[in-house]
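These figures come from a predicted structure and were not determined experimentally.
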Amino acid sequence: MTSTDERTDAEDSGPSGYAAARLRLLQEGARSGPPRRAALAELTDDWLTGLFDAGAAGLRGVSLVAVGGYGRGELSPRSDLDLLLLHDGSDQGAVAALADRMWYPVWDLGLALDHSVRTPAEARKTAGEDLKAQLGLLDARHLAGDLGLTAGLRTAVLADWRNQAPKRLPELQELCAERAERQGELQYLLEPDLKEARGGLRDATALRAVAASWLADAPREGLTDARRRLLDVRDALHLTTGRATDRLALQEQDQVAAELGLLDADTLLRQVYEAARVVSYASDVTWREVGRVLRSRAVRPRLRAMLGGGKPVAERSPLAEGVVEQDGEVVLARSARPDRDPVLPLRAAAAAAQSGLPLSLHAVRRMAAAARPLPTPWPAEAREQLVTLLGSGPSTIEVWEALEAEGLITRLLPDWERVRCRPQRNAVHIWTVDRHLIETAVRAAELARRVGRPDLLLVAALLHDIGKGWPGDHSVAGEIIARDVAARIGFDREDIAVLATLVRHHLLLVETATRRDLEDPATVRAVAEVVGSQSTLELLHALTESDALATGPAAWSSWRGSLVADLVKRVSAVLAGDAPEEPEAAAPTAEQERLAVEAFRTGGPVLALRAQTEPVATEADNAVPEDPEPLGVELLIAVPDQSGVLPAVAGVLAMHRLTVRTAELRVLPLPDGVEGSVLLLNWRVAAEYGSLPQAARLRADLVRALDGSLDIAARLAERDAAYPRRRGVAAPPPHVTVASAASHLATVIEVRAHDAPGLLHRIGRALEKSGVQVRSMHVSTLGANAVDAFYVTGTRGGPLPGEEAATVARALEETLRT
């Protein structure tokens with residue numbers, strides 16, 4: 001309740017008194033959450049009532065009404081005041097003067113105000129034309145003036161809403177769906193909009209409107225707490241930012257967590273996700289029920305006529321033992337006994353997913369309340385039903401969420417609790433950990449025909465990131481958990497070992513393919529030793545692709561897919577007994593030889609751009625392929641042997657906004673009779689956006705970069721300054737390591753850093769300064785993170801001694817940190 005002092009200030013001192021009392025209330029640490037929102041609403045009620053009484057002296061047939069969130073008595077620190085001045089139309093001039101006396105003091109305090117002046121008939125007409133206005137009026141609350149006028153409007157609006165429900169509810173559902181498409185799902189976003197995203201406060205308000213229609217109602221368990229949690233987070237967001245915002249930006253999350261007394265931003269996001277999941281699930285169930293009721297009403301008159309007025313009997317179609325379909329949902333058969341059938345939850349879930357139907361809320365709750373735990377190890381039927389559920393494709397997701405909402409998943413797989421609603425602070429990942437695991441299973445189901453043991457593929461997909469709920473390397477922790485879960489599910493010893501290998505090394509193929517030299521026999525042999533068999537390699541290949549596709553658009557591409565496929569082919573040959581041969585220097589192609597001779601003759605760089613299916617375009621040509629292959633475009637550069645080539649080329653490409661995907665550099669001897677040597681660079685590049693630049697422009701800038709007349713670092717700095725970056729979370733510092741035993745031919749230096757224009761240019765300059773030669777490099781960019789591997793050699797062409805390699809790595813890291 002509002003204190004007496006606060007109320008007195010608000011009544012006696014006008015706007016300044018209200019402002020002071022409001023400030024004291026918001027700074028009061030002991031009062032937060034619903035009590036503070038209610039107190040703020042009551043304090044505001046008293047102030048507005050005072051303004052109304054002062055301005056409406058002697059005026060009849062007028063009332064002040066709070067609508068929307070203010071009507072519900074839920075005022076956040078920076079909430080709008082949503083007000084309706086209701087009048088009977090008898091003295092419109094006096095009402096207009098009263099409106100001025102009401103609105104201006106609110107504006108003078110800088111408070112956001114959404115206001116209207118209407119008669120009851122006008123309010124009802126507006127509500128009939130504007131769904132959002134009608135939703136606001138459903139929460140109308142009388143503040144001052146003619147109580148009968150307000151009560152009459154409330155009664156009429158509720159009656160209109162209930163009478164029009166068959167028409168308005170589908171409109172409301174469409175409005176919610178459009179907003180979800182536009183704003184995304186609250187339970188997965190790193191910077192969610194607490195109000196507009198799916199599962200947010202707007203959806204919670206929509207559920208109240210559905211309940212008010214008396215047509216259907218939402219599952220109430222947990223819904224009030226979920227809504228309160230979202231409101232609490234919005235309150236803390238308003239207080240920490242001082243702004244009327246609903247977007248929980250990354251840079252605000254630590255402060256908001258502290259305001260709420262939470263451990264950290266991850267704890268905050270997990271609570272937000274859990275609340276959003278409750279609201280989203282309640283919305284799914286409610287809208288399904290609305291659709292069922294409306295379909296039933298449409299069909300009922302015809303059925304009654306056919307049945308002579310008797311009550312129609314719902315049709316029930318068997319799906320599995322104890323499981324039937326009824327009214328478009330999967331329900332339990334009348335003979336089902338969940339208290340005696342521990343496999344029933346998995347059997348019902350598998351039947352629902354296979355048929356593409358939702359699980360009935362009543363069925364899930366009955367199983368959650370009565371089902372006995374499965375024995376350890378699980379019976380074969382339970383394991384088979386789990387695999388069937390996971391292999392059902394996209395329909396698996398909705399069924400899994402229904403089981404999870406009632407706690408059945410964590411009962412079946414206790415380790416699931418640690419990954420449930422766990423955020424992933426990585427721009428590459430678009431899902432929480434638990435949803436990513438299910439998405440991976442959905443992707444794996446599409447590849448099930450490619451492997452001999454689809455059951456192992458699906459279970460590995462479900463478990464591959466299960467270790468992210470524990471400290472340390474999630475692959476190492478995941479292997480331990482996977483062994484335990486696989487044994488509990490009932491797999492034999494050999495299958496458990498395969499699942500453990502898949503979880504432990506689920507990143508092996510993609511990391512090796514994108515960061516190592518596949519021509520180096522040591523690379524292929526190392527992978528073959530880990531994998532051990534053709535069948536495991538087959539499973540790991542499918543898991544790698546499923547994992548990447550389920551991560552997000554930045555995690556997989558034609559280029560990455562081709563590299564992984566090449567690695568798998570090479571490893572498969574080794575596992576079949578074909579030892580890889582030590583690589584020999586490949587003879588130059590006719591084109592490479594021509595470019596080398598031309599470079600030597602002119603004393604400068606010569607370039608050629610080649611699309612995968614298009615002819616070569618050199619600097620003499622005016623055109624390059626307009627629509628290159630997704631793998632990128634091949635860039636061949638020949639330049640007389642000299643220092644500074646790598647940083648110069650990397651810098652010029654960065655200036656032209658070209659992304660480097662693979663790069664090789666080698667010294668090419670000239671043909672017989674010609675003395676000297678030429679550096680040949682064979683790189684694959686792609687335009688960040690737009691079309692590729694002409695080869696002639698690249699060559700001109702490269703000539704200037706090599707002779708020192710083009711300051712690449714300054715040009716990149718100027719461009720960076722011209723486009724200020726959005727404030728966000730500070731990137732972690734770069735990390736440079738030496739990958740021991742990764743190659744017998746060169747030293748592999750791996751760089752992990754925040755991706756930025758000119759990064760390769762800076763790395764190239766640092767390596768040149770260290771006096772090492774770059775034999776090849778393999779670049780990989782995932783979101784904002786660059787992971788690049790450089791195969792370097794000493795002046796004599798061999799790997800660097802251990803201490804020298806460590807020194808080069810330290811120097812490079814220090815350069816990138818500055």
Side-chain angles (χ1 to χ4, degrees), residues 22-41 69-70 72 74-80 110-112 179 183-205 222-280 420-427 429-435 725-732 784:
R22 177 188 176 95
L23 182 61
R24 281 200 305 272
L25 175 61
L26 296 180
Q27 291 177 341
E28 208 177 278
R31 186 158 39 173
S32 62
R36 181 169 59 197
R37 287 190 289 274
L40 182 56
Y70 182 30
R72 294 189 294 273
E74 297 171 342
L75 273 187
S76 290
R78 294 284 175 171
S79 289
D80 293 358
L111 299 177
R179 181 166 34 78
Q183 296 290 341
E185 296 196 57
L186 177 54
Q187 60 181 313
Y188 304 122
L189 297 170
L190 275 178
E191 291 189 305
D193 188 307
L194 300 169
K195 188 175 184 179
E196 301 292 338
R198 181 176 183 268
L201 293 168
R202 286 268 193 220
D203 279 339
T205 300
L223 191 57
T224 299
D225 286 343
R227 191 164 170 275
R228 177 192 57 76
R229 170 55 62 185
L230 293 177
L231 287 168
D232 288 351
V233 173
R234 185 173 70 169
D235 286 359
L237 181 61
H238 285 188
L239 288 172
T240 57
T241 63
R243 293 181 287 108
T245 179
D246 296 308
R247 185 166 297 281
L248 189 57
L250 287 172
Q251 62 266 25
E252 319 290 357
Q253 290 174 9
D254 284 318
Q255 291 176 278
V256 173
E259 175 72 24
L260 293 169
L262 300 177
L263 179 64
D264 55 23
D266 275 3
T267 306
L268 167 68
L269 275 185
R270 193 170 188 185
Q271 289 194 2
V272 168
Y273 292 164
E274 287 172 343
R277 190 163 294 188
V278 171
V279 176
S280 294
R420 187 176 60 83
C421 291
R422 181 171 291 277
Q424 303 201 75
R425 293 188 175 277
N426 185 326
H429 279 276
I430 61 175
W431 306 112
T432 51
V433 177
D434 55 342
R435 177 62 182 270
R725 292 179 184 168
R726 181 183 173 193
R727 183 165 63 99
V729 176

Tell me, please, which residues at least two apart from H429 pass ring-ring contact (aromatic ring centres under 6.0 Å, His included). H436
When rounded to the nearest 0.5 angstrom, what distance separates CD in E185 from OG in S280? 6.0 Å
Applying side chain to side chain donor-acceptor pair (under 3.5 Å) to D434 and not counting sequence neighbours gives R277, T432
With R243 via side chain to side chain donor-acceptor pair (under 3.5 Å) - residues at least two apart: none
Can you name the residues that form a salt bridge (Lys or Arg N to Asp or Glu O under 4.0 Å) with R420, not counting sequence neighbours? E274, E417
Name all pairs fulfilling the ring pair (Phe, Tyr, Trp, His ring centres under 6.0 Å) condition that reach into residues 185-205, sequence neighbours left out, sorted by first residue then second. Y188-W431
Output all residues satisfying salt bridge (Lys or Arg N to Asp or Glu O under 4.0 Å) with D232, sequence neighbours left out; order by chain, then residue number. R37, R228
Closest approach of Q253 to A265 (non-hydrogen atoms, all atoms of both residues): CB-CB, 3.8 Å
Residues that R78 engages under side chain to side chain donor-acceptor pair (under 3.5 Å), provided they are two or more places apart: none
Residues passing the side chain to side chain donor-acceptor pair (under 3.5 Å) test with R36, sequence neighbours excluded, are none
Between R229 and V278, does a side chain to side chain contact (heavy atoms under 4.5 Å, CB included) hold up when you go through it step by step? CA-CA 11 Å; R229 170 55 62 185; V278 171; over 6 Å; no
Quick one: side chain to side chain contact (heavy atoms under 4.5 Å, CB included) partners of R202, sequence neighbours excluded? R179, K195, E196
Correct closest heavy-atom pair for D235 and S76 would be OD1-OG, 2.5 Å
Electrostatic pair D246:R234 at N-O distance under 4.0 angstrom: yes
Which residues pass the side chain to side chain contact (heavy atoms under 4.5 Å, CB included) test with V272, not counting sequence neighbours? L186, L194, L230, V233, L248, L268
Hey, could you give me the CG/CG distance between L262 and D254, rounded to the nearest 0.5 Å? 11.0 Å
Separation between CG of D225 and CZ of R227, rounded to the nearest 0.5 Å: 12.0 Å
Looking at V279, is its backbone amide N or carbonyl O close enough to the side chain of R198 to form a donor-acceptor pair, meaning the two atoms are under 3.5 Å apart? no
Show every salt bridge (charged side-chain N to carboxylate O under 4.0 Å, His left out) that has at least one partner inside residues 259-268, sequence neighbours left out. D266-R425
Are Y70 and S79 packed together at the side-chain level, in the sense that at least one heavy-atom pair is separated by less than 4.5 angstrom? no
Distance from L269 atom CG to E191 atom CD, nearest 0.5 Å? 10.0 Å
